[in-house]
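Right, one structure below, let's go through it.
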Amino acid sequence: MDDKRIALLTEILAGARRVAVLTGAGISAESGVPTFRGKDGLWKQYRAETLATPEAFERDPALVWEWYDWRRGLIAPVEPNPGHRVLAGWQDLFEDLAVITQNVDGLHEKAGSRNVVELHGNIWKVRCTRDHTVSESRLTPLPEIPPRCPDCGALLRPHIVWFGEALDASLLERAFALTEACQVMFVIGTSAVVQPAASLPYAAGRAGAKVVEINLEPTPFTPRADFFFPGKAGEILPLLDRRLRDSLRAGGRDAPQGH
Ligand code: BV8
């Protein structure tokens, strides 16, 4: 890790009040949650993009629910990793720290993050296809596939945004507002291709924020990043956290040891 770059970023962070963080599947990889791209993105022979669509659900709701039941079974036992925990800890270091996630695994909240915008929904929530009531369901495995609404018997669907479906307008608005108001934006563990989430880092740059990307490998956004730290989020974030807290304490700020 380039020490001079870390020192420069730590200085910028020490003066920042509003920070926004965009996360993707990569931040949960070290917790054991499969990512979308690459060999992880496969379930049986289906690509995630073909199962996570209203058409697939229309065609075969049981198959789509089998896939979500499998993912819920994978996610239920896993714990947040040091990457999630550092972000939760940063809530006490900045005046405003918001996490905008594409992940549906709920691990940011599990790590203690309070200000989380779940752009693509949450795998532990279901929605009635008749009256769109949203409720929580944590049963794994699901006793019945496809599950039905306990009130009206209609099919339940995951409360998740599928490809070709619009995101919740108020959540998207909030994500862009947080992005355009921050002084520093982190872009962590996302391949930065899925829209509209992938537009957020560019909006932050246009609004004058410093954008910091952390990823195992460069992404289409990397040429526009002010800082790019290649590597694992669960290793790089704790390092940045230690350096930031050291510099804040050196500056007389009360910044207790991190997670
Ligand atoms: C919409 C919920 C329209 C599902 C998800 C052509 C051009 C532009 C756009 C489109 C287009 N064709 C279609 C579109 C639209 C489409 C889109 O963008 N498609 C892409 C593929 C081109 N977008 C949509 O369909 C959106 N809706 O446009 O609606 C509309 C508008 C108005 C009215 C009606 C309709 C909806 C998008 C949301 C879909 N739902 N998830 C579920 O989870 O089941 S998207 C899903 O895929 C994830 O949520 C996430 O957003 C995306 C996966 O991306 P990542 O999270 O980044 O994960 P990935 O595996 O790709 O990458 C992981 C990265 O981490 C890698 O870079 C890797 O190197 C790195 N990494 C790995 N380990 C680590 C790490 N980094 C650090 N540390 C590590 N340890």
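Read the numbers this way: they start at 1 and go in the same order the structure lists the ligands and their atoms.
- Contact atoms of ligand 1 toward G24: 56 (O) (distance under 4.0 Å to a heavy atom of the residue).
- Listed by number with element, the atoms of ligand 1 under 4.0 angstrom from any heavy atom of G231 are 77 (C), 78 (N).
- The aromatic ring centroids of W90 and F186 lie less than 6.0 Å from each other.
- With T53, N215, L167, L51 as candidates, the residue nearest to atom 69 (O) of ligand 1 on a non-hydrogen basis is N215.
- At under 3.5 Å, a nitrogen or oxygen of A233, whether backbone or side chain, sits near a nitrogen or oxygen of ligand 1.
- Residues R72 and S137 have side chains that bring a donor and an acceptor to within less than 3.5 angstrom of each other.
- Among E30, Q102, E118, E165, the residue whose heavy atom lies closest to atom 27 (N) of ligand 1 is E165.
- Only side-chain heavy atoms of A29 come within less than 4.0 Å of ligand 1; its backbone N, CA, C and O stay farther off.
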*Mind running side chain to side chain contact (heavy atoms under 4.5 Å, CB included) on V211 and F228 for me, showing each step along the way?*
CA-CA 9 Å; V211 186; F228 175 65; over 6 Å; no
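- Nearest to atom 4 (C) of ligand 1 by heavy atom, out of T190, I160, D105, T219, is I160.
- Looking at Y68 next to ligand 1, an N or O pair under 3.5 Å apart turns up.
- Near A25, with a cut-off below 4.0 Å to any heavy atom, the atoms of ligand 1 are 55 (P), 56 (O), 58 (O).
- Side-chain N/O atoms of T222 and E213 include a donor and acceptor closer than 3.5 Å.
- Between H108 and H84, the two ring planes are perpendicular [angle over 60°; tilted spans 30° to 60°].
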*Take L22 and M185 through the test side chain to side chain contact (heavy atoms under 4.5 Å, CB included) and record every step on the way to the result.*
CA-CA 7 Å; L22 175 68; M185 177 172 226; 3.9 Å; yes
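- Transitive grouping of hydrophobic side chains (ILVMFWY, heavy atoms separated by less than 4.5 Å) keeps V19 and V117 in distinct clusters.
- The pair R242-D246 does not meet the salt-bridge criterion, since no charged nitrogen lies less than 4.0 angstrom from a carboxylate oxygen.
- Looking at E213, H120, R71, E217 and measuring to atom 42 (C) of ligand 1, the nearest heavy atom belongs to R71.
- Residue contact annotation: G164 has a non-hydrogen atom under 4.0 Å from ligand 1.
- Every atom of ligand 1 with a heavy atom of G189 under 4.0 Å away is listed here by number and element: 63 (C), 64 (C), 65 (O), 76 (N).
- Of all the atoms in ligand 1, the ones that sit under 4.0 Å from a non-hydrogen atom of W162 are 36 (C), 39 (C).
- There is no path of hydrophobic side-chain contacts, each under 4.5 Å, that joins V187 to V116.
- Between N103 and ligand 1, a contact under 3.5 Å exists for no N or O pair.
- For ligand 1, one of its N or O atoms has an N or O atom of F36 under 3.5 Å away.
- A donor-acceptor pair under 3.5 Å links the side-chain atoms of R18 to the main chain of A181, judged by distance alone.
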